[in-house]
Amino acid sequence: MTTTTAACIEESFNIAGTSLQMRRGGSGAPLLILHGELGVPDWLRAYELLAQHYSVYVPSLPGFGSSEIPDWMMSVRDLSAWVNWFVRDYGLSTPLNVIGFSLGGWVATELATANSAIFSKMVLVGAAGIKPREGEIWDYFLNGAKDAFRKSFLNPAATEYVKYYGKDWTPDEAEQVECNREAAIRFLWRPYMHSVTLPGLLPAIGIPTLLLWGRQDAIVPMSSCELYKQGIPGAQVAVIEDCGHMPEMEKPEEFVKAVIEFLGT
Amino acid sequence: MFIGHFTEQPWQKEDWPAAWGSGVMEVSNREYDPFRAANLYNRYMDEKVYAEEMGFDGIMVNEHHSAPFCMNGVANVTASILARITSKAKIVILGNILPIHEDPLWLAESLAMIDVISRGRLVPGFVRGGGSESLAHNAPPHFNRERFEEAHDFLIKTWTTPGPFRWEGKHFHYRYVNPWAVPYQKPHPPIWVPGTSSRETVEWAAKHRYPYMMLASQLDLTQQMYQIYYDAAREAGYEAGPQHLGFMFFCHVEETEKRAIDVGRTLTQGVRSPYDPGAQRPRPWIEGPPGISTKSARALRRKMTASDSSGRTRAGARATFEDQVATHGMIVGTPESVVRKVRFIMETLRPGTIIFRTGDGAMAHEDQMRTLKLMGEEVLPAMREIGKELGLPGPYDVDPRTNAPLAAVAS
């Protein structure tokens, strides 16, 4: 099934052992987007801006959106191996650029520790995966879904917060949110949103990496960013001020500017 | 007829601040007063012993976690003590929450010891547990059913297969299964399955020929669940009977109707189980974290999650004491009127097991003891006659595994 709008092509197809939902658009060098634990509601403003420079691919990871999750899949490491499989079977030319958000940042990192040849440059945004030295990663599962979105933004007046989250959901929207939470719980349950072995593997990463954080990230604290920086050789840090866990939705223009500066065009 | 007794063993306290909500994962244990707890634990134990003395066939215990409405956080502790301080009654655990156990071998051995110490009086029920149980013990909600089924299979094998053997499952792994203690009852203690409204659980119980105990005190809902059991039994190749089905409801008995209502009302006061009609429900994401339920069961829950982002669900029964009395969820009265109402339930549902839930909520010890005495002297004997008249064998009259009469064995 394929739906084409002015902004993006949305399609679903069988690949890498599952049925996958894909949104893509733009032209240029391929840019892979690995979304976070709350899924992706739409072709976002940030993707639209990035698509002016790159061919942007936003697969819904297995279990999220309308993508199916195979029974065998249990961990983030499974998910990262799956991304490797997907990239090969989808025919994306490697090495390619990747942006990973929160859970997706953790997935990209896991993959990079095993196969640094797959990515040319890597952007990790509010990445999960490392237990912070100070503070805790906010618990999605002792809280309701709406609280999670609210917690992810510093500014509830942000355009895309208002558009997607700060409103009453239709039954279909509520159902999608709950399905995404079910996928997230499978990957994140325990140890909660981090791996105890990942810090030991970070020095294996040989990819130019940008760590991009919202200063007021209330989901994954800035101290996780510092640990990533210590672990990944040569990693750079960029901080977006007055911004929460989802800079791509809260401050899309600033976010895209930082990404383009790092990736080049 | 099998007649059981149950109390949720609520924390009792004069005041219950509104901020404590349902009490399920909403109250810090800094509020736990060990001196008050010591009195309550011993009180509830005394009541169990007295229930046995008054002729109840089974004394039931359960467990919940991080929840003051049920002080019995570890059912096996109470069951262990009851194994030693009682002598006749079956010790019915409804139930151990299988998916939250990381080490079901420990559970197998604990239950075997209780069965042995009680000289074969244990009924180890199994449940999947609510969301708070998974959250409190960090058991993965998304594998709740898989872990329930694998732990069940593991327990049965451990109880019936001489060790040592290996177990390499999906969720549990053992290189050496060979607990010294094995159960007193052969091939293993009789397993019962309690439930409220999960079709899957009823079908699973029927498939295994395990008696199903309906805990939600609603007659029409119970009839629907029983029908699912009958149908699943037929599909499995046998006819289910009263020996396979049980029903639990609140009860309070007094010498006069007026006193029964005045005192019975305390069942709906104090620290209440959030699963009872009229009680405040837990937050929806605590009650049903992502992945714990099947898609159909989730549909309703999703609606609740969506409609109430930070507060609590408005859905669910909000029945008053009067409503519950009117719908037979609570039976209060004199022995004579209680027997009449219980007879109606027995005729309507045809269960082989009835479990009375008494002394709950804010009920005082003296009131509980008085009702147990009246039940033992007047209600239970009458029920046994009605059971015979209506042909309602319990699971110790007719073997649920074979449908063969057990009377000869019992005598």
Side-chain angles (χ1 to χ4, degrees), chain A residues 37-39 41 62-64 66 68-76 78-79 103 136 138-153 156 161 164-194, chain B residues 21 24-28 65-66 99-100 102 130-147 149-150 169-171 173 281-315:
Chain A
E37 57 280 355
L38 299 174
F64 293 88
S66 60
E68 286 172 15
I69 188 165
D71 271 349
W72 59 264
M73 204 176 263
M74 292 172 77
S75 69
V76 169
D78 294 342
L79 198 49
L103 164 67
E136 291 176 333
W138 190 73
D139 192 343
Y140 286 108
F141 304 117
L142 283 182
N143 292 280
K146 287 215 162 166
D147 301 327
F149 289 112
R150 180 64 195 88
K151 195 81 180 172
S152 297
F153 286 75
Y161 177 79
Y164 297 110
Y165 306 135
K167 58 168 190 170
D168 287 335
W169 291 325
T170 65
D172 284 350
E173 287 169 333
E175 173 149 334
Q176 185 60 66
V177 165
E178 194 61 11
C179 284
N180 290 347
R181 277 166 66 85
E182 285 183 22
I185 209 168
R186 175 126 42 145
F187 297 116
L188 303 177
W189 180 250
R190 70 182 183 191
Y192 180 60
M193 271 181 90
H194 72 277
Chain B
V24 178
M25 302 189 77
E26 295 187 69
V27 188
S28 165
H65 296 260
S66 297
I100 68 172
E102 288 305 316
S132 57
E133 275 73 53
S134 285
L135 288 160
H137 287 267
N138 224 27
H142 44 295
F143 290 130
N144 181 279
R145 183 161 287 281
E146 285 186 11
R147 287 166 65 95
E149 294 189 1
E150 187 178 331
K170 179 173 177 184
H171 298 287
H173 311 88
R281 306 282 291 197
R283 292 184 164 96
W285 50 90
I286 299 294
E287 191 174 359
I292 203 163
S293 310
T294 57
K295 267 207 155 72
S296 58
R298 285 195 315 258
L300 177 66
R301 208 155 270 153
R302 281 209 197 93
K303 267 187 206 159
M304 299 194 294
T305 314
S307 63
D308 191 357
S309 63
S310 58
R312 300 176 184 90
T313 172
R314 314 279 186 270

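Order of the sequence lines sets the chain letters (A, B, ...), proteins ahead of strands, with each chain counted from 1.
- Side-chain atoms of Trp285(B) never come within 3.5 Å of backbone atoms of Ala145(A) as a donor-acceptor pair (strictly under, hydrogens ignored).
- Residues passing the side-chain hydrogen bond (donor to acceptor under 3.5 Å, both in side chains) test with Glu68(A): none are found, sequence neighbours excluded.
- From Ile292(B), atom CD1 reaches atom CD1 of Ile185(A) across 8.5 Å, with rounding to the nearest 0.5 Å.
- With rounding to the nearest 0.5 Å, the separation of CZ in Phe187(A) from NE2 in His142(B) is 9.0 Å.
- Here the side chain of Trp189(A) pairs no donor or acceptor atom with the backbone of Pro141(B) at under 3.5 angstrom.
- Only the backbone of Ser134(B) has a heavy atom closer than 4.5 Å to any heavy atom of chain A.
- In Glu136(A), the CD atom is not crowded: 12 or fewer heavy atoms of neighbouring residues, nucleotides or ligands sit closer than 6.0 Å.
- Although no hydrogens or angles enter the test, the distance criterion places no donor-acceptor pair under 3.5 Å between the side chain of Arg190(A) and the main chain of Pro140(B).
- Partners of Tyr165(A) under the side-chain hydrogen bond (donor to acceptor under 3.5 Å, both in side chains) rule, at least two apart in sequence or in another chain, do not exist in this structure.
- For Asp71(A), the part lying under 4.5 angstrom from a heavy atom of chain B is the backbone only.
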### Derivation and outcome, side-chain contact (heavy atoms from CB on, under 4.5 Å), residues Leu142(A) and Met25(B)
CA-CA 9 Å; Leu142(A) 283 182; Met25(B) 302 189 77; 3.9 Å; yes

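- Of all heavy-atom pairs spanning Met74(A) and His171(B), the tightest one is CE-CE1, 4.4 Å.
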